[in-house]
Amino acid sequence: MVHQQVKNRLKISPEEFLEGYRYIEEAMNQSDSYEDALHHILKYFDRKLTGTYSAIMIVDEKKEFIQECISNGLTEEFKKAFFGMLIDKGIGSSATSIRTGKVTFTENISNDLRGDVFSDIPDLLKLSSCRSIPIFDYRDNEVLAVFTIFSKQSHSPTNREVEIVKSFRSLLTLLITNYIQSELMRVDFPWIDKIKEPVSQADEEFKCELLKAIENKEIKPFYQPLYQMDTNQIYGFEALARWDHPQKGILPPNEFIEFAEDHHIIDLIDDLVVEQACMDIQQLKERYNQDFVLSVNISAIHITQLDFSKKLKNILMKTNFPGELLALEITETALMQQIGHVSKTIDQIKQLGVQISIDDFGTSYSSLNYLKYLSVDMIKLDRSFVRDVIDNPVDQRICKTIIQLAEDLNLKLLAEGIETKEHYEIIRNYGCKIFQGFYFSHPVKLEEIKQQVAKQLV
Ligand code: C2E
Ligand code: MG
Ligand code: MG
């Protein structure tokens with residue numbers, strides 16, 4: 001039954017998916033800019049979907065305008081004609097696609113009722129039909145771009161064409177999100193200011209409440225054990241922030257971390273968690289006379305601050321925690337966005353002996369190039385690949401490839417999100433040695449960690 005569902009879901013073969021994944025990754029690594037990378041990737045789709053032209057149209061957050069059209073086979077004239085055009089008056093299926101969020105097609109552009117305004121646009125390339133696939137922002141499910149396939153033939157593109165683009169939709173989304181953040185921000189678009197909405201009264205109040213909570217040390221670390229298979233022992237702990245709210249009880253990070261990042265107070269939370277965690281785990285080490293690695297999450301916004309390594313050094317000195325046993329977890333997407341600024345800080349961190357872990361590895365488009373020149377110690381295979389590894393052949397191959405990659409590059413590898421015995425056994429058989437997940441333990445308070453360590457010593 002489950003197998004059948006997976007088969008139905010998977011419309012292209014794992015081989016084809018991996019080939020495309022690698023192509024997209026390579027394009028990212030070898031391109032000078034995101035725009036360049038998008039052009040390369042569109043070329044890939046043009047080749048795959050024979051006889052068609054592909055274009056990505058970025059829309060603004062109100063979905064009123066097509067702000068930018070990145071195309072491959074289409075002419076400059078075509079792009080110019082499209083730029084700034086009202087979505088409603090754009091080529092039929094693009095407009096419909098944005099409105100409905102569905103895959104749509106216009107079988108014959110010249111017969112489209114909205115044709116008058118844009119009839120000269122398809123004429124430029126003698127296009128007859130088109131199909132649009134919306135690309136969603138993975139966080140809030142908002143359409144941020146449309147992938148459109150144009151054809152000179154007056155018939156609807158095949159299901160297969162659509163399935164290929166759909167399969168790569170999440171990779172395209174990541175790329176486009178980055179494109180919007182980096183490329184467009186450099187250009188002076190009047191609508192960029194609209195995005196930076198004025199701070200609301202509610203936000204102001206929440207910020208004050210959060211700052212007070214930081215001051216009162218209501219934000220504190222919980223710990224999730226990391227298990228090592230060779231020794232069958234606890235390898236270390238990941239410190240995960242929780243807000244011990246006086247009225248609401250324990251709040252998870254998704255209720256305040258992103259807000260803290262957006263309002264530039266994330267460094268205060270990171271510092272509080274790191275210092276408390278170093279103190280707690282140092283105490284644990286001394287009590288049980290055993291070494292544990294402590295892994296902490298650091299926001300990429302924070303790590304680029306000039307005094308980051310100096311502050312870290314102070315925490316290590318104050319808590320007496322050895323640098324060699326501390327690992328900083330940085331997410332891959334964040335690292336890529338800040339790569340220019342981060343590399344110098346990473347060198348300084350390495351001088352303290354501190355390790356670098358790449359969190360949520362594999363969820364970003366570009367996971368290889370930076371491994372060559374940033375001194376990374378560990379990669380954490382993202383739990384989204386582990387979740388369906390039991391019966392999804394694509395996830396199986398991705399897990400195997402990433403585990404092999406870590407081995408080839410001599411990096412430690414940890415698999416996140418191990419929820420069941422089956423997850424554990426499959427991933428272990430692929431060669432992984434360090435594990436984290438609910439199967440072993442949820443993130444818990446220090447007292448519970450002490451009990452787990454004590455039990456292990458029995
Ligand atoms: P992360 O660093 O990837 O942390 C792992 C998350 O996966 C944790 O969620 C953990 O509870 C959850 N998890 C662990 N095992 C499993 C499993 O088997 N299945 C599932 N479904 N989930 C599992 P949590 O604690 O809600 O943290 C969410 C995110 O918040 C973290 O993701 C991290 O990015 C961020 N975060 C947490 N603490 C801090 C902090 O002190 N500073 C910063 N900057 N970010 C933090
Ligand atoms: Mg983490
Ligand atoms: Mg993670």
Side-chain angles (χ1 to χ4, degrees), residues 139 210 213-214 217-227 236-244 250-278 280-281 293-305 308 311-312 315 326-335 338 342 355-364 367 376-390 402 413-424 426-427 432 434-445 448-449:
R139 281 164 310 191
L210 191 52
I214 295 169
K217 299 204 171 162
E218 286 168 22
I219 312 283
K220 44 186 75 153
F222 269 37
Y223 299 97
Q224 189 176 30
L226 318 175
Y227 277 95
F237 302 96
E238 175 170 3
L240 292 156
R242 296 289 181 268
W243 182 350
D244 193 354
I250 303 285
L251 301 178
N254 64 4
E255 300 210 15
F256 57 92
I257 291 285
E258 203 181 321
F259 181 92
E261 283 182 334
D262 291 347
H263 292 80
H264 312 289
I265 53 173
I266 188 66
D267 52 336
L268 302 177
I269 293 183
D270 285 351
D271 290 347
L272 189 65
V273 171
V274 175
E275 186 168 334
Q276 186 61 48
C278 282
D280 288 350
I281 303 301
V293 169
L294 166 64
S295 219
V296 292
N297 294 283
I298 301 293
S299 159
I301 302 169
H302 184 193
I303 208 168
T304 51
Q305 286 180 0
F308 179 82
K311 271 194 320 186
L312 192 65
I315 293 180
L326 184 69
L328 305 186
E329 294 192 11
I330 312 165
T331 60
E332 196 180 25
T333 321
L335 191 69
Q338 308 281 345
V342 167
Q355 303 177 38
I356 303 290
S357 279
I358 306 301
D359 210 350
D360 308 341
F361 187 85
T363 49
S364 189
S367 37
V376 168
D377 300 275
M378 177 186 266
I379 51 187
K380 296 186 78 177
L381 172 64
D382 189 64
R383 66 170 188 262
S384 58
F385 302 119
V386 175
R387 191 183 50 220
D388 296 331
V389 77
I390 298 166
I402 293 178
L413 181 118
L414 178 149
E416 297 183 287
I418 304 288
E419 292 185 354
T420 63
K421 193 164 180 240
E422 267 171 307
H423 283 156
Y424 172 59
I426 293 173
I427 299 288
C432 176
I434 312 173
F435 305 86
Q436 175 179 6
F438 296 164
Y439 175 59
F440 300 100
S441 167
H442 280 255
V444 290
K445 287 184 177 169
E448 264 189 67
I449 286 300

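Note that the structure is a prediction, hence the values are computed from the model and not measured. Position 1 is the first residue of the sequence; numbering continues from there. First listed ligand is number 1; within each ligand, the first listed atom is number 1.
- Shown here are the protein N/O/S atoms lying under 2.8 Å from the Mg ion (ligand 2), water excluded: Glu238 OE2, Asn297 OD1, Glu329 OE1, Asp359 OD2.
- Residues satisfying the side-chain hydrogen bond (donor to acceptor under 3.5 Å, both in side chains) criterion with Ser357, sequence neighbours excluded, are absent altogether.
- Lys380 and Gln436 share a side-chain donor-acceptor pair at under 3.5 Å.
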Test side chain to side chain contact (heavy atoms under 4.5 Å, CB included) applied to Leu328 and Leu312, step by step:
CA-CA 10 Å; Leu328 305 186; Leu312 192 65; 4.0 Å; yes
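- In this structure the side chain of Arg242 never reaches within 4.5 angstrom of the side chain of Pro221, judged on heavy atoms.
- A donor-acceptor contact shorter than 3.5 Å links the side chain of His423 to the backbone of Arg387.
- Between Gln224 and Phe438, some side-chain heavy-atom pair lies under the 4.5 Å cut-off.
- You'll find the side chain of Leu210 reaches within 4.5 Å of the side chain of Ile219, heavy atoms only.
- A donor-acceptor pair is defined here as one N or O able to donate and one able to accept, closer than 3.5 Å; no such pair exists between the side chain of Glu419 and the backbone of Gly437.
- Among pairs with a residue in residues 263-273, those fulfilling salt bridge (Lys or Arg N to Asp or Glu O under 4.0 Å) read Asp271-Lys311, at least two apart in sequence or across chains.
- Within 4.0 Å of ligand 1, contacts by protein heavy atoms are made from Gln224, Glu238, Leu240, Ala241, Arg242, Pro253, Ile257, Ile266, Asp270, Val273, Asn297, Ser299, Glu329, Asp359, Asp360, Arg383, Glu416, Gly417, Ile418, Glu419, Gly437, Phe438, Pro443.
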